[in-house]
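As the structure lists them, so they are numbered: ligands from 1, and atoms in each ligand from 1.
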Amino acid sequence: QQTFRWDDPFDLNGRLTDDERMIQEAARGYARDRLLPRIVPAFRDETFDRAIMTEMGEMGFLGAMLPEQYGGSNASHVAYGLIAREIEAVDSGYRSAMSVQSSLAMYPIYAFGSEEQKMRFLPRMAAGELIGCFGLTEADGGSDPASMKTRAVAVDGGYRLNGGKYWITNSPISDLAVVWAKLDDVIRGFIVERDFDGFTTGKIGDKLSLRASITGDIGLNDVFVPEANLLPGVKGLRGPFSCLNKARYGIAWGAMGAAEFCFHATRDYVGERMLFGRPLSSRQLVQKKLADMQTEIFLGLEGAYALGRLLDTGAWVPEAISLMKRNNCGKALAVAREARDMHGGAGITGEMHVMRHAMNLETVNTYEGAHDVHALILGRAITGQSAF
Ligand code: TGC
Ligand code: FAD
């Protein structure tokens, strides 16, 4: 007879491969020992420590799913999800740094780049020596990337890019940007390097969410991009969306990592908090809230796990990713807000971490396709009618 494990009710751990368990343990150790001690001042001061990228590179967390010749370790989608879960248990901003590098900057070069581009950029990106960012969103409406204004024009030996991107994770510290721009009205991907003339980046300040992640803009003023830096393998929105498929999937795990942290912290807190002569944890209302948190978290993790196995076998569709990204972000946000409430006044302090998670998850629920945009993707699949 098995006993019910409140922190792993469906024995998720028991269904991982040995490799996945090893990667999970490494990610958990790194996140708890190296990231957790830094997060409170980083969030307060709105700073991102560049060294984190090199550390994550050394740990093998950047581009982990790519083949070894490009610096990856052929990790499974589930292993990638487990890394996201452990890192986001500390902070969504740190998971952002990992997932933008892996899924949004390295993946397009791997999937759509030339062999020369792959060899030139990927091993150094996997090591965290080069930081990449992903420029899709523009100021005039992130949910509708097809309306982008950034343009590329063919010139002798390459292309001239003009336009700008907004809300770009890591842009101010990037060595290269994968920029999506229209060339003859067809969206193409360009690798824009830091030292290209006319390429500028600025930091967006005063964010009340994801403060330990650096976010910025990208300016493209007559930037010459050589032919060798055009991604040859894709045309149209399928390019950026293929990268988003990977990143959204990882977020489905990551958001649950943040929610799990909040759940564990709340369980500890209510177990110790004595009110009216008894621990808070002995109250029906409190237990119901813990049960609700637990239910959403472990259903969310089961969904993410099932999706990861489908991605590994190739039997997946983008709508399933929308379903999990939407559900897990929305549910994680609700868990974090509830955790904040159950900590009472202490819940607003930095040292309790729960309010920081709630603030971060506001962004996670919006980026990579806002919660309602994923509802419309699902609605289109359910009804056959587009309501965008
Ligand atoms: P639609 O007509 O639906 O599709 C246009 C073309 O794209 C193809 N496509 C996909 N391909 C692969 N995977 C997917 N998930 C795909 N979704 C669409 C589609 O087949 C079609 O191809 P073709 O060959 O027929 O032309 O396009 P639409 O313009 O109607 O799109 C609507 C909508 C809402 C689905 C889409 O625009 C959308 O998802 N909007 C949300 C935008 C978004 O997610 N932006 C994310 C920016 S990056 C970011 O937030 C990073 S944060 C990172 C961090 O810090 O962690
Ligand atoms: P809008 O598109 O203006 O949406 C506003 C609201 O309208 C949302 O609630 C949305 O759900 C709703 N809405 C939109 N369309 C419809 C509709 N048809 N019907 C009903 N409701 C609708 N982008 C990148 O390219 N690269 C990055 O690295 C990146 N990092 C980011 C980091 C941070 C911290 C943030 C905040 C954003 C980042 N983004 C990035 C941009 C992000 O993807 C966009 O913010 C997101 O796609 C939403 O776009 P928007 O902010 O323009 O909101």
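Residue contacts with ligand 1, taken as heavy atom pairs separated by less than 4.0 Å, involve S99 solely via side-chain atoms from C-beta onward. Within the 4.0 Å heavy-atom criterion, the part of L104 lying near ligand 1 is the side chain and not the backbone. No part of L376 comes within 4.0 Å of ligand 1, judged by heavy-atom distances.
Residue-ligand proximity, G142 to ligand 1, at heavy-atom distances under 4.0 Å covers atoms 42 (C). When each atom of ligand 1 is checked for a heavy atom of F388 under 4.0 Å away, the hits are 34 (C), 35 (C). Listed by number with element, the atoms of ligand 1 under 4.0 angstrom from any heavy atom of T137 are 47 (C). Ligand-side atoms of ligand 1 in range of P145: 37 (O), 40 (N), range being under 4.0 angstrom from any heavy atom. With ligand atoms numbered from 1 in the order given, ligand 1 contributes 54 (C), 55 (O) to contacts under 4.0 Å with heavy atoms of T169. Ligand-side atoms of ligand 1 in range of G369: 41 (C), 43 (C), 44 (O), range being under 4.0 angstrom from any heavy atom. Ligand-side atoms of ligand 1 in range of R238: 7 (O), 11 (N), range being under 4.0 angstrom from any heavy atom.
Of the N and O atoms on the side chains of E138 and T150, at least one donor lies less than 3.5 Å from an acceptor on the other residue. Side-chain N/O atoms of T215 and K207 include a donor and acceptor closer than 3.5 Å. One side chain, N13 or Q24, offers a donor N or O that lies under 3.5 Å from an acceptor on the other. No hydrogens or angles considered: nothing links the side chains of Y367 and T169 as a donor-acceptor pair under 3.5 Å. Looking at S171 and T201, their side chains never bring a donor and an acceptor atom within 3.5 Å of each other.
Distance check for atom 20 (O) of ligand 1: every protein heavy atom is found at 4.0 Å or beyond. For atom 35 (C) of ligand 1, the nearest protein heavy atom lies under 4.0 Å away. For atom 23 (P) of ligand 1, no protein non-hydrogen atom is found at a distance below 4.0 Å.
Inclusion of E368 in the set of residues having an N or O under 3.5 Å from an N or O of ligand 1 is warranted.
Once rounded to the nearest 0.5 Å, the distance linking CG of L62 with CE of M53 reads 5.0 Å.
The residue from R248, Q101, K165 that puts a heavy atom closest to atom 44 (O) of ligand 1 is R248. The heavy atom nearest to atom 28 (P) of ligand 1, out of those in I377, V100, L237, I187, is found in L237.
Contacts classified as side chain to side chain donor-acceptor pair (under 3.5 Å) and involving residues 252-262 (residues at least two apart or in different chains) are given here: R85-E260, Y249-W253. Within the structure, the side chain to side chain donor-acceptor pair (under 3.5 Å) test picks out the following pairs touching residues 304-318 (sequence neighbours left out): E20-R309, H77-D312, Y305-R309. The list of side chain to side chain donor-acceptor pair (under 3.5 Å) pairs with a residue in residues 326-355, not counting sequence neighbours, reads E296-K331, N327-K331, R337-E362, H353-R356.
Residues lining ligand 2 at a heavy-atom distance below 4.0 Å are given as F134, L136, T137, G141, G142, S143, W167, I168, T169, L210, T215, T363, T366, Y367, E368, A370, D372, V373, L376, F388, ordered by chain and residue number.
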Problem - ring-ring contact (aromatic ring centres under 6.0 Å, His included) between F190 and Y159, intermediate numbers included - result: CA-CA 9 Å; F190 299 85; Y159 306 90; 5.4 Å; yes
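Contact check for V225 versus E193: no side-chain heavy atoms found under the 4.5 Å cut-off.
For A247, the heavy-atom gap to ligand 1 stays at 4.0 angstrom or more. Within the 4.0 Å heavy-atom cutoff, H374 does not count among the residues contacting ligand 1.
The single protein non-hydrogen atom nearest to atom 1 (P) of ligand 1 is R380 NH1, 4.0 Å, given as residue, atom name and distance.
A continuous path of Ile, Leu, Val, Met, Phe, Trp and Tyr side chains, each step under 4.5 Å between heavy atoms, connects F10 with V335, placing both in one hydrophobic cluster. V373 and W180 fall into different hydrophobic clusters, defined by Ile, Leu, Val, Met, Phe, Trp and Tyr side-chain heavy atoms under 4.5 Å apart, directly or through other members. At a threshold of 4.5 Å between side-chain heavy atoms, the hydrophobic network of Ile, Leu, Val, Met, Phe, Trp and Tyr places M293 and L361 in two separate groups.
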